[in-house]
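What follows is a single structure, written as structure tokens, with notes after it.
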Amino acid sequence: MKPFFIYNTLSRTVEEFVPLKPGVVTLYSCGPTVYLPQHLGNMRTYLCTDTLKRALRLNGYQVRHVMNITDVGHMTSDQDAGEDKIEKTARAEGRSPREVADYYTQLFIRDLEMLRIERPTVPPGQFCRATDHIADMIALIQRILDRGYAYVVGSGVYFDVEKWRGPGAKGRLSRQSLEEQYSEQRLEHASDKRSKHDFALWVLNQPHHLMQWDSPWGRGYPGWHIECSAMSMKYLGETLDIHTGGLDHIPIHHENEIAQSESATGRPFVRYFVHYAFLVGMEGAKISKSSGKFPVLTDLIAAGIDPMAFRLFCLGAKYRSELAFSLDAVRAAQTNFEYFTEFARSMPPDACSAPDSGWTQSYFNRFIDSLNNDLNTPQALAVTLELIGESYRRKDRCVWSTLTKMDSVLGLGMEEIRRQAASQTLPTEIEALRAERDQARQKKDFRRSDELRRELQARGYEVKDTPSGTVLQPRR
RNA sequence: GGCGGCGUACCCAAGUGGUUAAGGGAGAGGUCUGCAAAACCUCGAUGCAGCGGUUCGAAUCCGCUCGCCGCCUCCA
């Protein structure tokens, strides 16, 4: 097994990845809050996690992956007051919070499927909904209380951040002391919590909140961070190998998750934190839900772009680099994707079943080396394209098993594309037109043949006269 | 104010001390072809924001300057 290196936010260096249990990786990724469609920036992070999973699997690991769906209540601000975003959408759309969450969960899963992002593996194929884990959260909060790192007041159960950290200590992820981190705090706290640094584990006495549950401390609902700790530890154990999320989660959300989890268990919570950089828009500005304007996957599809082109676009940049989004850049990826599909479609069947030529081995080695070097997908992609180019140059198509192994990480669905093309059957009237055109060409009746080509094009087929015969390809 | 990051060809983007600065897109040339389309091949930065410095050697390390962005409020 080759060593796999990944950047760990805890150490701020690239480290060799060694799982707690040999051969098995426990992976938790922060999923979406479902009150709006997920924008392309969100999808990039799920694509990054998917690539990480696939790369680990290519390295021989079994990946135990949990992902949550936040379908209840965090606030528009991190304070006690404020509005639950799901409830806000519910009011705006005249639906119940449950309906809103279900609807946007569905949209999210549909987008994942279109992008060929694999589902979590624990529980198999399931996303963990926060509302299905209220009891687990309550139990975890109780453990924190028992350990003395939380307290109960009228407005809720709070985590005692200062006690946990100790005086003047810096955050493990934020690398700032509480004073530094919150020096510019813009919101005032009309709250009965002991310190402005404390965060809610359980919120009480918010009668207007629609989603509430009974708890040992009274009716209420969970705080923002607790679900991730509860669900990850429930399914993966008290110490996780890898925890992923967007860069924005480093100083608050993940910092707090560590505090909650470790105060409850007394053990290290996460061994490697992996954080993804943003997809940015024009002039490098962040795309975000709160900014109001954000492109979604269906916008791309409406613009004639295949979801796989977006996947390829994302693979073209490192997960730790900002990626500049533009329709032109994604169109470039679309063209590049068609280069892949062309290669798959034109695979001779006998070459697919033949063993790969020896020269492919070095390409595969470079491919996996690139991935193992902090998930350098642009380099891995470049190697893949070089393999295809070399296959054309050598006129040697015995590369398919190598290419499909590479595609097990790239996730473009090469084998599916090949199979589909190989088993493509044309509608009878189209087939008749094609046959008639062939005859006309044989008779050198080029007027008729050009007419028939226009007819086929009008019906949505690209006509390609190749040395091995005419090929019709449905136009997208 | 604190913390973090970025600036590589027309566009997207790897490379972070050492042979000719990956790859993709666009563009230019070419092969194939009845024509076309598609496909394939070839070529594209003597230079990496600017200026200094360290070094036998720097896009890569250090300093300064200019420009851009993120987090510190929910956010991937």
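We name chains A, B, ... by the order of the sequence lines, and we start the count at 1 in each one. Since we're looking at a predicted model, the values are computed, not measured.
Considering only residues two or more places apart in sequence or on other chains, A/K2 meets the salt bridge (charged side-chain N to carboxylate O under 4.0 Å, His left out) condition with A/D369. Every residue two or more places apart in sequence or in another chain was checked for a salt bridge (charged side-chain N to carboxylate O under 4.0 Å, His left out) with A/D111, and none qualifies. Partners of A/Q420 by side chain to side chain donor-acceptor pair (under 3.5 Å), not counting sequence neighbours: none found. Partners of A/D356 according to the side chain to side chain contact (heavy atoms under 4.5 Å, CB included) rule, which considers only residues two or more places apart in sequence or in another chain, are A/T360, A/S401, A/T402. Scanning for salt bridge (charged side-chain N to carboxylate O under 4.0 Å, His left out) contacts around A/D407 gives an empty result, with sequence neighbours left out. By the salt bridge (charged side-chain N to carboxylate O under 4.0 Å, His left out) test, A/E255 is found to be paired with no residue, residues two or more places apart in sequence or in another chain being considered. Judged as a side chain to side chain donor-acceptor pair (under 3.5 Å), and not counting sequence neighbours, the contacts of A/D438 are A/R434, A/T470. Remark: A/Q379 engages A/S370 in a side chain to side chain donor-acceptor pair (under 3.5 Å) (not counting sequence neighbours). With sequence neighbours left out, A/S346 forms a side chain to side chain donor-acceptor pair (under 3.5 Å) with A/R397.
Among the heavy atoms of the strands, none lies under 4.0 Å from A/R454. If you check every strand for non-hydrogen atoms under 4.0 Å, A/H275 touches nothing. In this structure, A/S174 reaches the sugar-phosphate backbone alone: every heavy-atom distance under 4.0 Å involves primed, P, OP1 or OP2 atoms, never a base.
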Nucleotides 26-30 of chain B: which of its N/O atoms have a protein N/O under 3.5 Å away?
none

So which protein nitrogen or oxygen atoms get under 3.5 Å of nucleotides 9-13 of chain B's nitrogens or oxygens?
residue: B/A13; atom: OP1; partner: A/A324; partner atom: N; Å: 3.0
residue: B/A13; atom: O2'; partner: A/G316; partner atom: O; Å: 3.0

Margin query: Let's go through A/W224 and A/N256 carefully: what are the C-alpha distance in whole Å and the side-chain angles of both, what is the deciding distance for side-chain hydrogen bond (donor to acceptor under 3.5 Å, both in side chains) to 0.1 Å, and is it a yes or a no?
Written below: CA-CA 10 Å; A/W224 173 35; A/N256 290 348; over 6 Å; no
Checklist line | Intermediate values then yes/no, side-chain hydrogen bond (donor to acceptor under 3.5 Å, both in side chains), A/Y276 and A/T49 | finding: CA-CA 9 Å; A/Y276 308 123; A/T49 296; 2.7 Å; yes
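Checking A/Y276 against A/P251, the closest nucleotide of RNA chain B that is more toward the 5' end is the one next to A/P251. Closest-nucleotide positions on RNA chain B for A/Y7 and A/N336 were compared, and the one nearer the 5' end corresponds to A/Y7.
In this structure, B/A9 forms no base pair with any nucleotide, since neither Watson-Crick nor G-U wobble geometry is met with both distances under 3.5 Å. Figure legend. B/A14 is base-paired to no nucleotide; pairs are counted as Watson-Crick or G-U wobble with both atom distances under 3.5 Å. The nucleotide B/U20 finds no pairing partner, because no Watson-Crick or G-U wobble arrangement with both distances shorter than 3.5 Å includes it. Base-pair partner of B/U33: not found among the strands shown (Watson-Crick or G-U wobble, both distances under 3.5 Å). As the counterpart of B/A26, no nucleotide is assigned, since no Watson-Crick or G-U wobble pattern has both distances under 3.5 Å. Shown here, B/C74 forms no base pair; nothing in the strands shown gives a Watson-Crick or G-U wobble contact with both key distances under 3.5 Å.
For the residue pair A/S155/A/N205, the side-chain donor-acceptor check at 3.5 Å is not satisfied. Between the side chains of A/Q361 and A/N365, at least one donor N or O sits under 3.5 Å from an acceptor N or O.
The nearest whole Å value for the distance from the CZ atom in A/F199 to the P atom in B/C72 is 16 Å. In this structure, NE2 of A/H197 is placed 13 Å from C1' of B/C72, rounded to the nearest angstrom. In this structure, A/L247 places its CG atom 12 Å from P of B/C72, rounding to the nearest Å. Atom CZ in A/R175 sits about 10 Å away from atom P in B/G5, given to the nearest Å. In this structure, A/L173 atom CG and B/G70 atom P are separated by 22 Å, rounded to whole Å. In this entry the distance linking CZ of A/F310 with C1' of B/G24 reads 16 Å, nearest Å. Here the P atom of nucleotide B/C69 and the CG atom of A/L279 are 16 Å apart, to the nearest Å. Here B/U73 presents its C1' atom at 9 Å from CD1 of A/I252, a figure rounded to the nearest Å.
With C1' as the reference atom, B/A21 and B/U16 are 12 Å apart, rounded to whole Å. Straight-line distance between the C1' atoms of B/U31 and B/G7: roughly 40 Å, to the nearest whole Å. If you take atom C1' in B/G67 and the same atom in B/A26, they sit 26 Å apart, rounded to whole Å. With both ends at atom P, the span from B/C6 to B/U60 equals 13 Å, rounded to whole Å. For the C1' atoms, the distance from B/G44 to B/G27 is 9 Å, rounded to whole Å. With both ends at atom C1', the span from B/G15 to B/G23 equals 11 Å, rounded to whole Å. Look at the P atom in both B/C40 and B/G25: the space between them is 9 Å, to the nearest Å. When the P atom is compared between B/C72 and B/A45, the two are found 43 Å apart, to the nearest whole Å.
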Note to self: What does the B/S/- profile of nucleotides 33-41 of chain B look like, 5' to 3', with a 4.0 Å heavy-atom cutoff to protein?
What the structure shows: -BBBBSSSS
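At B/C75, none of the side-chain N or O atoms of A/N42 fall inside 4.0 Å of OP1 or OP2 (strictly under the cut-off). OP1 and OP2 of B/U73 both lie 4.0 Å or more from every side-chain N or O belonging to A/W224.
Put simply, the side chain of A/N8 gets close to the backbone of A/F273: a donor and an acceptor are under 3.5 Å apart.
Closest to the side chain of A/A382, from the set B/A22, B/C74, B/A14, is B/A22. For A/L385, taking side-chain heavy atoms from C-beta onward, the closest of the listed nucleotides B/C72, B/G23, B/G15 is B/G23.
Of the options A/H253, A/E257, A/H254, a side chain to side chain donor-acceptor pair (under 3.5 Å) to A/H225 is made by A/H253 and by none of the others.
Base orientation of B/G44: syn (glycosidic angle within 90° of 0).
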